[in-house]
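Heads up, the thing below is written out as structure tokens.
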Amino acid sequence: MVVMVVTVKEICDNVTLAREMAMLGNYESAEVYYEGSIQMISRLILMIPEPLRKNKWQQVQKKVASEYNEIKVLKSMLQTLRLETNVEVPIGARRLRDEPVHDSLDLQEDTFGAPHDPDVWPPPTPVDHGYMQRNSFSKPRLSNLKKPEPKKGASRASSSNTTRRSDVRSIKTGKKEDRPSSSKSERNPEGKADKEKDVDSNEKNDKAETEEEKKFECHGMERELADVLERDIVQKNPNIHWDDIADLHEAKRLLEEAVVLPMWMPEFFKGIRRPWKGVLMVGPPGTGKTMLAKAVATECGTTFFNVSSSTLTSKYRGESEKMVRLLFEMARFYAPSTIFIDEIDSLCSRRGSESEHEASRRVKSELLVQMDGITANNDEPGKVVMVLAATNFPWDIDEALRRRLEKRIYIPLPTQEGREALLKINLREVKLDPDVNLSEIAEKLDGFSGADITNVCRDASMMSMRRKIYGLKPDQIKQLPKEELDLPVTNRDFEEALLKNNKSVSKDDLDKYEKWMNEFGSS
Ligand code: ADP
């Protein structure tokens with residue numbers, strides 16, 4: 001085996017370049033340099049015999065890796081923000097924070113654009129209320145199911161192939177909004193006739209639109225908490241469709257039956273057929289549970305409340321139970337709604353267990369009360385509220401809550417067919433060498449989760465570029481023709497990526513899930 005010699009100077013140069021690129025906002029190149037630096041340090045570490053020096057270099061590597069991660073997070077955030085700019089937001093409206101695209105992306109920007117700790121919320125600030133949230137959901141696209149046409153005059157948006165204004169579910173705060181168009185007409189009462197006409201028609205449109213908007217009224221501290229919920233928890237169009245999710249046919253079918261159909265046919269799902277109070281998705285991390293929840297909200301066009309348990313427990317200490325109550329009140333108000341609670345185990349660890357803390361006990365009790373309240377509410381047609389929860393640790397869930405999450409479904413590791421589909425989804429934007437056989441690669445990925453497979457694909461698609469730019473200076477890299485970098489992904493790239501990425505779920509973990517599902521599962 002040929003071991004390439006690495007010098008400390010080379011490492012320093014690469015790290016310096018990575019930082020420079022990052023400072024200049026050139027995150028793509030920064031990533032390349034960070035990746036290269038980390039690899040070089042790994043090689044250097046292999047060559048160092050003295051433990052003390054080795055340890056020092058491991059610390060350096062850790063530091064560089066953490067900077068690299070921050071750059072990745074920043075890049076994803078920018079992508080999210082870029083996507084957001086495509087969403088229709090009225091003039092003067094304050095953009096609501098969206099849920100990050102990546103599961104790993106926990107950093108969000110505060111009002112001033114600086115990243116802040118996701119577990120610490122700022123105190124409620126008086127909100128200007130000059131914003132209006134628009135949840136733009138698309139028409140249900142399930143191939144095998146037809147949504148009944150809404151009745152005439154019903155408040156739900158009508159179905160259409162294109163997203164029209166009336167298809168947009170919007171959430172508005174209880175206070176009056178700044179309306180640039182009307183204030184303009186007030187300021188200029190003697191304006192030109194055509195301008196007045198424009199203003200008039202704008203006002204008419206606004207009025208028609210306002211008729212479809214509902215206001216969630218509450219006051220004082222509750223108003224502020226509601227604003228926080230609207231800003232951080234109500235998610236705009238999650239834009240994940242069933243087709244974006246590979247495999248998991250059984251899970252999709254169960255979710256359709258348990259969540260989607262009751263939303264579409266509330267009259268049918270009554271009495272003994274009443275919808276489940278809650279659905280729990282159980283399975284190893286990175287198998288697509290969050291994606292499924294987002295697809296449910298997208299396909300149903302429901303208002304989507306995306307809550308992580310840590311949000312409810314650690315943020316806003318002392319207000320958590322109020323937050324839970326308000327969350328359900330808002331969900332009822334904006335029904336049909338889907339409340340997705342991720343990592344529900346951390347909210348509802350078994351009662352009396354060591355980790356149970358007084359505050360979390362109160363939050364848990366409030367959640368149980370609210371879930372019981374859902375049953376009565378769900379009898380009202382069109383007012384369905386569904387709780388969809390996810391956990392990687394089902395055995396940690398309180399039995400009282402487990403009972404309320406009546407439907408418990410397993411989200412497994414992908415099958416051979418699923419792994420192939422995941423490879424296709426992940427590699428749809430890159431060129432593949434004709435020798436690459438995705439079915440063979442899928443076999444090698446047996447035991448990998450969806451997220452693991454995404455990582456392998458990402459690595460494989462970068463391999464040839466890494467080899468090309470290895471040891472080059474930025475100027476030389478910039479001069480490389482695009483065709484030389486954007487080479488088809490080869491079998492060798494996959495082999496190298498497979499050496500670098502291991503599966504994240506162990507056989508023991510899988511046995512634990514199987515045992516728990518045998519005992520408590522219901523599908
Ligand atoms: P979980 O909530 O189960 O931990 P996620 O839904 O957050 O997992 O998935 C993590 C990432 O893994 C997704 O962003 C996606 O890239 C990939 N992924 C996992 N499962 C699938 C799947 N079935 N289809 C498509 N992508 C998947």
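Whatever order the structure lists ligands and atoms in, that order sets their numbers, starting from 1. Here the structure is a predicted model, which is why all the values come from computation and not from measurement.
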* Asked: Just checking, is any N or O donor in the side chain of D493 or S464 under 3.5 Å from an acceptor N or O on the other one?
  -> no
* Structure fact -> Checking heavy atoms under 4.0 Å, the part of T454 that sits near ligand 1 is side chain
* Which ligand 1 atoms does L422 reach within 4.0 Å, using its non-hydrogen atoms? -> 21 (C), 22 (C), 24 (N), 25 (C), 26 (N), 27 (C)
* Return yes when L292 approaches ligand 1 closer than 4.0 angstrom through a heavy atom, no otherwise. => no
* **Short side-chain to backbone donor-acceptor contact, N455 and D452, under 3.5 Å** => no
* Compute the minimum heavy-atom distance from G286 to ligand 1 and say whether it is under 4.0 Å. => yes
* Structure fact -> Among A246, P284, A390, closest by heavy atom to atom 22 (C) of ligand 1 is A246
* Asked: Around atom CZ of F520, are there more than 12 heavy atoms of other residues, nucleotides or ligands at under 6.0 Å?
  -> yes
* Hey, does I245 come in under 3.5 Å of ligand 1, counting only N/O atoms on both sides? -> no
* To do: For I441, enumerate each residue passing the side-chain contact (heavy atoms from CB on, under 4.5 Å) test, keeping only those at least two apart in sequence or located in another chain.
  => L423, V436, L438, L445, N491, F494
* Asked: For ligand 1, which atoms have a heavy atom of L248 less than 4.0 angstrom away?
  -> 23 (N)
* Can you name the residues that form a side-chain contact (heavy atoms from CB on, under 4.5 Å) with V430, not counting sequence neighbours? -> L427, S461, V489
* Examine the side chains of Q370 and R404 and answer whether a donor and an acceptor come within less than 3.5 Å of each other. => no
* Side chains of T290 and F340 in contact at under 4.5 Å (non-hydrogen atoms) -> yes
* Asked: Relative to atom 27 (C) of ligand 1, which among R419, K289, M291 owns the nearest non-hydrogen atom?
  -> M291
* **Option of least heavy-atom distance to atom 18 (N) of ligand 1 (set: A293, P285, G450)** => G450
